[in-house]
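In what follows, every heavy atom counts, from backbone to side chain, and hydrogens, waters and symmetry copies are set aside.
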Amino acid sequence: MSLDLNKVTSNGTVRQQDQTVTSAAVKSEKSSGFGNILANAIKRCFADSIASYKEKQETEETERSARTSSGGGSPVTFQMSESMDAIFQEAANTYGVPVNLLKAVGMAESNFNQYAQSGAGAQGVMQLMPATAASLGVSDPFDARQNIMGGAKLLAQNLSMYGGNVDLALAAYNAGPGNVAAYGGVPPFAETQNYVVKVKQYMGMDLNTGQTVQTTAAAASSPAQAPESAEKEQSGGGNFLADAVERVRVQAQMV
């Protein structure tokens, strides 16, 4: 026996049961649809977040490269007071040059005057020529730290070139390696020969500059930046979840 619900008016139970079943089916369908909306929203959020992250990384890398090439990436610097004797010791340790040799050259070249300048154009404590200073990475030859570090590096190169021979290393420092090579040893120049003798005499003395000089140093990155970065990352995660919820809310209203 079949019932035509459109014609049954006395049996409310049948009609009520039919409506209950229909309502449950609709709720099930809506629940399934909501789940799909949530899954799709989260999937899109992940995809958008990854794409946004990659784009941000590429942008930051491009900006970093541009700053470096244009000189905008130079570190922040500040002035500080330092003992010149301490700088000599640090330079000696850094480049493996005997500190008494390093100080003897500084004494012979400028009498430890960081602002000394010769008629030939040599500058600073270690009397570096501008082109030589640039090749050694010295940007300010009148900065005592830079100049002494540059002179120590040059002496280390000369000692390495001549197998540790101090006379040849000093001759090359004074007259250039080209003249040492041309004459097969210390060139027969009175200035150079006197220079080698004088420096070696100073090496036997207990030399102390007794000076405190103003030098330029690069500012280190602040450790406080790390927590800030971590906070930003956590905030990014919160933004991601908020975005997902908002997408679900908007799309649910459209169903």
Side-chain angles (χ1 to χ4, degrees), residues 77 80-218:
T77 60
M80 62 183 295
S81 297
E82 291 189 90
S83 161
M84 185 181 285
D85 291 294
I87 297 174
F88 270 113
Q89 187 62 61
E90 182 182 342
N93 294 342
T94 300
Y95 293 103
V97 177
V99 70
N100 63 331
L101 170 59
L102 194 55
K103 283 188 173 183
V105 171
M107 178 70 175
E109 291 287 352
S110 69
N111 196 26
F112 303 129
N113 180 2
Q114 71 179 105
Y115 301 111
Q117 185 163 0
S118 73
Q123 300 170 320
V125 178
M126 306 297 284
Q127 287 291 277
L128 302 175
M129 294 296 289
T132 302
S135 71
L136 295 168
V138 177
S139 59
D140 181 3
F142 296 112
D143 181 280
R145 164 172 283 276
Q146 289 192 41
N147 195 287
I148 293 170
M149 287 292 178
K153 185 176 182 179
L154 181 57
L155 278 172
Q157 292 174 352
N158 289 353
L159 288 169
S160 177
M161 184 186 305
Y162 301 113
N165 188 306
V166 174
D167 286 16
L168 295 181
L170 291 174
Y173 194 98
N174 178 263
N179 282 317
V180 173
Y183 292 98
V186 178
F189 308 146
E191 178 188 337
T192 301
Q193 292 183 349
N194 290 335
Y195 176 81
V196 172
V197 172
K198 181 165 57 174
V199 171
K200 292 178 71 175
Q201 288 176 343
Y202 287 149
M203 285 177 65
M205 300 180 182
D206 184 16
L207 297 176
N208 287 292
T209 71
Q211 295 188 49
T212 298
V213 292
Q214 291 293 315
T215 62
T216 302

Strictly by modelled atom types, are Q214 and S81 linked by a side-chain donor-acceptor pair under 3.5 Å? yes
Show the nearest heavy-atom pair for residues A122 and M129, with the distance to one decimal. N-SD, 3.4 Å
Please name the pair of heavy atoms, one in P187 and one in A171, separated by the smallest distance, quoted to 0.1 Å. CD-CB, 4.0 Å
Scan N111, D85, N113 and name whichever one has a side chain to side chain donor-acceptor pair (under 3.5 Å) with T209. D85
In this structure, OG of S83 is separated from CD of E90 (nearest 0.5 Å) by 11.0 Å
Assess the residue pair L128 and Y173 against the criterion (side-chain contact (heavy atoms from CB on, under 4.5 Å)); give the C-alpha distance rounded to whole Å, side-chain angles, the decisive distance to 0.1 Å, and a yes or no. CA-CA 9 Å; L128 302 175; Y173 194 98; 3.7 Å; yes
D167/K200 under side-chain contact (heavy atoms from CB on, under 4.5 Å): CA gap, chis, key distance, verdict: CA-CA 9 Å; D167 286 16; K200 292 178 71 175; 2.9 Å; yes
Heavy-atom count around F189 CZ within 6.0 Å, excluding the residue itself: above 12? yes
Do Q114 and N147 touch side chain to side chain, with heavy atoms closer than 4.5 Å? no
Do Q127 side-chain atoms and A116 backbone N/O form a donor-acceptor pair below 3.5 Å? yes
Side-chain contact, heavy-atom cut-off 4.5 Å: L170 with N158? no
Within-4.5 Å side-chain heavy-atom neighbours: M126 and L102: yes
Do V186 and L168 make a side-chain contact, defined as non-hydrogen atoms from C-beta onward lying under 4.5 Å apart? yes
Where do I87 and V213 land on the side-chain contact (heavy atoms from CB on, under 4.5 Å) test, with the steps shown first? CA-CA 10 Å; I87 297 174; V213 292; 4.0 Å; yes
Which residues pass the side-chain hydrogen bond (donor to acceptor under 3.5 Å, both in side chains) test with E109, sequence neighbours left out? Y195
Please check if the side chain of S160 supplies one atom and the backbone of Q157 the other of a donor-acceptor pair under 3.5 Å. no
Any side-chain to backbone donor/acceptor pair from Q211 onto M84? Under 3.5 Å, distance only. no
Check: N93/Q89 side-chain N/O donor and acceptor closer than 3.5 Å: yes
To the nearest 0.5 Å, tell me how far M149 CE sits from F88 CZ. 10.5 Å
Side chains of N208 and K103 in contact at under 4.5 Å (non-hydrogen atoms): yes
Measure across V199 and L101 and return the closest heavy-atom pair with its distance rounded to 0.1 Å. CG1-CD1, 4.1 Å
Heavy-atom check, side chain of F112 versus side chain of M107, under 4.5 Å: yes
Could you please spell out the steps behind the side-chain contact (heavy atoms from CB on, under 4.5 Å) verdict for Y183 and T192? CA-CA 12 Å; Y183 292 98; T192 301; over 6 Å; no
Can you give me the closest heavy-atom contact between P188 and Q193, atom names plus distance? CA-NE2, 3.4 Å
Going by heavy atoms in the side chains, are Y95 and L155 under 4.5 Å from each other? no
Is the shortest heavy-atom distance from the side chain of V180 to the side chain of Y162 under 4.5 Å? yes
